[in-house]
Each structure stands twice: as C-alpha cells, then as structure tokens.
Amino acid sequence: MKNIIIIGGGLAGLVASLQLQDAGAAVTVIERKQYPFHRVCGEYISNEVKPFLQSLGVSLAALQPATIKQFMLSSPAGKTLHAPLDLGGFGVSRYTLDNYLYRLAQSRGVNFILNTSATEVTFNQDNFAVELSDGRTLPADLVIGCYGKRANLDRQFQRSFFQQRSPYIGVKYHIKTDFPKDLIALHNFNDGYAGISAIEDDKYCFCYLTTRKNLKKHGSIALMEQAELQQNPYIKQIFKKSEFLYSQPEVINEISFAPKSCLENHVLMCGDAAGLITPLCGNGMAMAIHGAKIVSDLVREYLYSKCIREQLEQNYVQHWQNQFARRLQVGRLIQGVFGKPILSEAAVATLKIIPGAVNFLIKNTHGKAF
Ligand SMILES: Cc1cc2nc3c(=O)[nH]c(=O)nc-3n(C[C@H](O)[C@H](O)[C@H](O)COP(=O)(O)OP(=O)(O)OC[C@H]3O[C@@H](n4cnc5c(N)ncnc54)[C@H](O)[C@@H]3O)c2cc1C
C-alpha cells in the first residue's frame, strides 16, 4: 500500500484525504492547528462543488448552510448594482465545514497529526522524507502540499513569491445583523473591499481585504475601519447595526496573488499552495476542492500503476493549468480595478448599464459544476 502525506488540513487537504483514502492509499494529514478553528475567509462557496462533495458522501444539508442567489456590488461612495447569480452558492463557516470534513475523514481511516507543522520535505530516489516540528521524520511515497497561501516550506522550495513582500491583509468577523440571507454583497472602500453573506445559525461572515499601508496609515484596525471602510454607507450600516461575535477579528497578512507552480521538488501542490485567486471572485474554496479532485483522480491512476511518477507530474501540471490558469489571470485583472475609488466608481457605473456583464465576469472567474 502506498503512503501519502498531505501537508495542511484545509479544504484542499481534507477533500484530497477523503478521496485518496477511498482509493486505497494510507493517508496521513499533517495540520499545524487543532480543529475546530476560525480562518480568514469570506465563507461563500460556489455551487459548482456540490455534485462532487455529494459523491464523496459529504452531507452539506447537515451543516445548514445559507442559500445564496443574489449579488450586490457597491462603490466607495455607495452607488450600487444588483444581479442574480446564475449558478449561486452557499454560506457555511470554515469552523463548521472544516471540522465536519476532518471528522468524516477520521471516521474513514485517515490518520491525522495535529498541532504539528511539516518543516522540511526532501525527495531522494523515488521516496520522500517529511520532517515534522515534533522532531519526527516520516517516509512517504507521495507528498501533496495543501498548506495554503504561504508557509515556511515555500522558503525551502525557494518559491519566488516568497521572496517578495505582499501588501495585502485580510480581516474577518462573524456577526449577527439584519441582512437578506440569499444575498452576497461586495462593498468597495478606499484601498480594499469587504464581503458580507449569511452562514449557518443565523450568523453572517463579514470579511475584507485591504493593504498593510492602509492599516499603517491609521495605526489600528478599529481606526482604519472608522476612517476608511465606513466611508462606504453600506459598510457603515453593518458596523452600526450588527452584533460582532468575536472579541478580536481574525487577521492574516502577506496574502500574495502572484503566480506559483503546482509542482515543487516532486511535491504536488494543491489549493492556495498552487495558486490563490483574488477573494473578490469568491472561488478560492471551489478551486481548492476542485484541485483536490484533480490531484486525487490522477494519483489514483498512479496508485494502480497506470502511470509512472513523471507522467503523473506532467498530467497534473497540464490539468491544473487547463482548469485554473485563466481564472487566476482574470481575477488579477479585476482586482486591479476594485479598491481604487475612481476606478471602482466607474466600474460599478459601467457594469450597471451592460446587461449580463456581472455574470460574464463571474463565469470567467468560476468553473462549471464538477
Ligand atoms: C480575505 C479572504 C476572503 C476569502 N473569501 C473567500 C470566499 O468567500 N469564497 C471562496 O471560495 N474563497 C475565499 N477565499 C479563499 C479561500 O479562503 C482559500 O482559497 C481556501 O481556504 C484555500 O484552501 P486551502 O486548503 O488551499 O488552504 P487553507 O484553507 O488555508 O488550509 C491550509 C492549511 O494548512 C495548514 N498549514 C500551513 N502550513 C503548514 C505546515 N507547514 N504544516 C502543516 N500544516 C500547515 C494551515 O494551518 C491550514 O489549516 C478568501 C481568501 C481571503 C484571503
């Protein structure tokens, strides 16, 4: 039986573990945290993932997600546009979803090593050795890198995006508020944008992306929110009318949208570790899940000796590029417009008068149901 180590137990790692365990491999997931835990994420998931998750025996209904069918966009000054979402999505917190997938994978026999980081991966004569923060070294036939946007392993792999500092930070809250349950709204402000949509238990996820420069200008998150975000009247209403459920927001920095490679030193990279789409597209989670399916389908062929490692790696790079490269490019282009007051005012005004423009952009940053 082949030994597979998955580094990182977010969506990509958990979904790949379910599929590969089912394929007959011995799967170990190494996760540096302990479930359940909160993550910075907008928690809106495109419906494109539903058929595949159902095929894995994932019961989304049990998590009581919100059904999201409508989209609203506002400019920093409060101009708006509304559009129905063709495919739509659902809202569930990562706290609940990841914990559910973890328990499901554990019940199916996946081995988890929690509260532990992978610190180094070496490849030698067709085998891997994975060093852990607890001092152990584990052997593996295959390693899948699902460790998210940025980790120390990227330094070891000398990935170019790791050398450059990224200007972006992400902030997230769970709130209780008065807001339509079937709507996802994207509100622009100077140097950033915020998303709000419903999740389970009558709660909402309110999450935004801005720059370190913006935070530095105001000195604290609270002062920045007051001075910049609340210039947008819709965001102001959220702060005024909502109950904030965390004592402190979840915050991450160094969010890089720079291109990455999905193969590093024979490690198959998946999810954000292979490439992060800009959050305003709301497709990173679907890409992580779809990427896990692609890697697992190809690894299954390798496990049954239908191909050698070299073919597996070539096929993976090709499939990954075909599925995701264009979405990432379009996402980067759109990101260039949002968060900049004059450009985003113009963008909202223009999108409003072109019928179908919003759904055209959504189609180009999302995939089809798989
Ligand atoms: C501000 C913001 C808003 C977003 N909003 C949305 C949205 O609304 N919809 C959407 O679809 N996407 C959204 N995204 C993107 C989405 O969150 C990611 O694309 C998705 O979480 C990627 O999943 P992943 O499994 O690749 O990584 P993650 O979910 O980040 O999981 C990586 C895991 O690896 C672990 N790890 C890291 N290093 C190590 C190590 N060395 N050893 C062991 N474990 C390690 C981490 O603890 C983590 O659990 C947003 C992103 C941001 C930044």
Side-chain angles (χ1 to χ4, degrees), residues 5-17 28-49 68 89-94 97-99 101-102 112-121 130-134 143-156 166 168-173 184 186 192-197 199 205-210 249-257 260 269-292 295 324 327-328 331 365-367:
I5 290 186
I6 296 175
I7 304 175
L11 279 184
L14 290 167
V15 169
S17 79
T28 298
V29 175
I30 299 158
E31 167 54 52
R32 73 170 174 204
K33 294 193 178 171
Q34 170 95 43
Y35 303 96
F37 58 95
H38 292 291
R39 296 173 192 274
V40 174
C41 179
E43 302 181 332
Y44 164 86
I45 313 182
S46 162
N47 275 339
E48 69 201 62
V49 305
I68 298 167
F90 59 96
V92 63
S93 70
R94 295 295 300 272
L97 178 60
D98 291 24
N99 191 42
L101 293 172
Y102 156 62
F112 280 86
I113 301 178
L114 302 180
N115 284 321
T116 307
S117 294
T119 52
E120 195 160 346
V121 181
V130 179
E131 285 181 32
L132 305 185
S133 53
D134 63 9
V143 174
I144 305 180
C146 300
Y147 54 77
K149 302 166 230 334
R150 189 182 172 92
N152 278 343
L153 286 171
D154 291 320
R155 187 202 309 275
Q156 189 217 323
S166 165
Y168 296 107
I169 61 168
V171 179
K172 174 182 133 171
Y173 301 92
I184 176 163
L186 202 60
Y193 50 85
I196 177 169
S197 51
I199 53 170
C205 177
F206 174 58
C207 183
Y208 62 86
L209 185 86
T210 186
E250 288 286 317
V251 183
I252 51 167
N253 57 19
E254 296 291 346
I255 306 169
S256 169
F257 305 108
K260 299 173 179 174
M269 298 291 179
C270 190
D272 286 358
L276 172 57
I277 191 163
T278 52
L280 79 139
C281 301
N283 202 237
M285 288 193 275
M287 284 178 52
I289 293 169
H290 200 167
V295 81
F324 302 124
R327 279 185 232 185
L328 289 168
T365 51
H366 287 63

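Counting from 1, the numbers follow the sequence of the chain as shown. Just so it is clear, the values below take in all heavy atoms, side chains as well, and ignore hydrogens, waters and symmetry mates. Because the structure is predicted, anything quoted here is derived from the model rather than measured. Counting starts at 1 for both ligands and their atoms, in listed order.
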Item to check | Contacting atoms of ligand 1, where contact means under 4.0 angstrom from a heavy atom of A288 | outcome: 22 (C), 23 (O)
Item to check | Residue C207 vicinity, atoms of ligand 1 by number, heavy atom under 4.0 Å | outcome: 1 (C), 3 (C)
Next on the checklist: Using only atom types and a distance under 3.5 Å, with no angle test, would you say the side chain of E120 pairs donor to acceptor with the backbone of E131?
Outcome noted: no
Checklist entry - Of the choices M287, K33, E31, which has the non-hydrogen atom that lies closest to atom 46 (C) of ligand 1? => result E31
Checklist entry - Can I45 and L97 be said to form a side chain to side chain contact (heavy atoms under 4.5 Å, CB included), step by step? => result CA-CA 11 Å; I45 313 182; L97 178 60; 3.5 Å; yes
Item to check | I30: numbered ligand 1 atoms lying under 4.0 Å from its heavy atoms | outcome: 43 (C), 44 (N)
Next on the checklist: Taking I184's backbone N and O only, do any of them form a donor-acceptor pair with S197's side chain (distance below 3.5 Å, no angle check)?
Outcome noted: no
Checklist outcome for this item: Closest to atom 27 (O) of ligand 1 among protein heavy atoms sits G148 CA, 3.6 Å
Checklist entry - How far is atom 13 (C) of ligand 1 from its nearest protein heavy atom, and which residue and atom name does that atom have? => result C41 SG, 3.8 Å
Checklist entry - So, do C281 and R327 sit near enough that their side-chain heavy atoms are less than 4.5 Å apart? => result no
Checklist entry - So which heavy atom in the protein is nearest atom 40 (C) of ligand 1, and how far is it from that ligand atom? => result A118 N, 3.8 Å
Item to check | Close approach, F37 and ligand 1, non-hydrogen under 4.0 angstrom | outcome: yes
Checklist entry - Can we say D154 and K260 salt-bridge, meaning some charged N sits less than 4.0 Å from an Asp/Glu carboxylate O? => result no
Checklist entry - Which of the atoms of ligand 1 are close to G10, meaning less than 4.0 Å from one of its heavy atoms? => result 25 (O), 29 (O), 31 (O), 33 (C)
Checklist entry - Do G42 and ligand 1 have an N or O pair less than 3.5 Å apart? => result yes
Item to check | Closest candidate by heavy atom, reference atom 9 (N) of ligand 1, pool Y147, Y35, F257, Y44 | outcome: Y44
Checklist entry - Below 4.0 Å from any atom of ligand 1, is there a heavy atom belonging to G195? => result no
Item to check | Side chains of V40 and V171 in contact at under 4.5 Å (non-hydrogen atoms) | outcome: no
Checklist entry - Can you list the residues that meet the side-chain hydrogen bond (donor to acceptor under 3.5 Å, both in side chains) rule with D272, with sequence neighbours excluded? => result K149
Item to check | Nearest protein heavy atom with distance in Å, relative to atom 52 (C) of ligand 1 | outcome: P279 CG, 3.8 Å
Checklist entry - At under 4.0 Å between heavy atoms, which part of N283 makes contact with ligand 1: side chain, backbone, both or neither? => result backbone
Next on the checklist: Considering both backbone and side-chain atoms of A12, is one of its nitrogen or oxygen atoms within less than 3.5 Å of a nitrogen or oxygen in ligand 1?
Outcome noted: yes
Item to check | Test item, T116 contacting ligand 1 (heavy atom, 4.0 angstrom) | outcome: yes
Item to check | Nearest neighbour of atom 21 (O) of ligand 1 from the list R94, M285, R39, on a heavy-atom basis | outcome: R94
Next on the checklist: When you compare ligand 1 with G284, is there at least one nitrogen or oxygen pair between them that comes in under 3.5 angstrom?
Outcome noted: yes
Checklist entry - So, the side chain of E43 versus the backbone of R94: is there a donor-acceptor pair under 3.5 Å, distance only? => result yes
Next on the checklist: Once you measure the plane-to-plane angle for Y35 and F112, does it fall in the parallel (<30°), tilted (30-60°) or perpendicular (>60°) bin?
Outcome noted: perpendicular
Checklist entry - Tell me: protein heavy atom nearest atom 53 (C) of ligand 1, and distance? => result I255 CD1, 3.8 Å
Item to check | Residues C205, K172; criterion side chain to side chain contact (heavy atoms under 4.5 Å, CB included); working and verdict | outcome: CA-CA 7 Å; C205 177; K172 174 182 133 171; 4.1 Å; yes
Checklist entry - At a 4.0 Å cut-off, with the gap strictly under it, does some heavy atom of I45 reach an atom of ligand 1? => result no
Checklist entry - Taking side chain as C-beta onward, heavy atoms only, is L186 less than 4.5 Å from Y44? => result no
Next on the checklist: Can you list everything that forms a side-chain hydrogen bond (donor to acceptor under 3.5 Å, both in side chains) with N47? Sequence neighbours excluded, please.
Outcome noted: K50
Checklist outcome for this item: For E43, the ligand 1 atoms with a heavy-atom partner under 4.0 Å come out as 7 (C), 8 (O)
Checklist outcome for this item: If you scan protein heavy atoms around atom 32 (C) of ligand 1, the nearest is C146 O, 3.4 Å
Next on the checklist: Suppose I only count heavy atoms of G271 and a 4.0 Å limit; which atoms of ligand 1 are within that range?
Outcome noted: 26 (O)
Checklist entry - Do side-chain atoms of S17 reach the backbone of V15 as a donor and acceptor pair under 3.5 angstrom? => result no
Checklist outcome for this item: Near G282 (heavy-atom distance under 4.0 Å), the atoms of ligand 1 are 9 (N), 10 (C), 11 (O)
Checklist entry - Which residue owns the protein heavy atom closest to atom 19 (O) of ligand 1, what's the atom, and how far is it? => result D272 OD1, 2.7 Å
Next on the checklist: Give the atom numbers and elements of ligand 1 that come within less than 4.0 Å of a heavy atom of A151.
Outcome noted: 38 (N)
Next on the checklist: Counting non-hydrogen protein atoms only, what is the nearest one to atom 44 (N) of ligand 1? Give residue, atom name and distance.
Outcome noted: R32 N, 3.2 Å
Next on the checklist: Return the NE2 to CD1 distance between H366 and I277, rounded to the nearest 0.5 Å.
Outcome noted: 7.5 Å
Checklist entry - Does R32 reach the side chain of Y147, with side-chain heavy atoms less than 4.5 Å apart? => result no
Next on the checklist: Is the ring pair Y173/F206 parallel, tilted or perpendicular, if the boundaries are 30 and 60 degrees?
Outcome noted: parallel
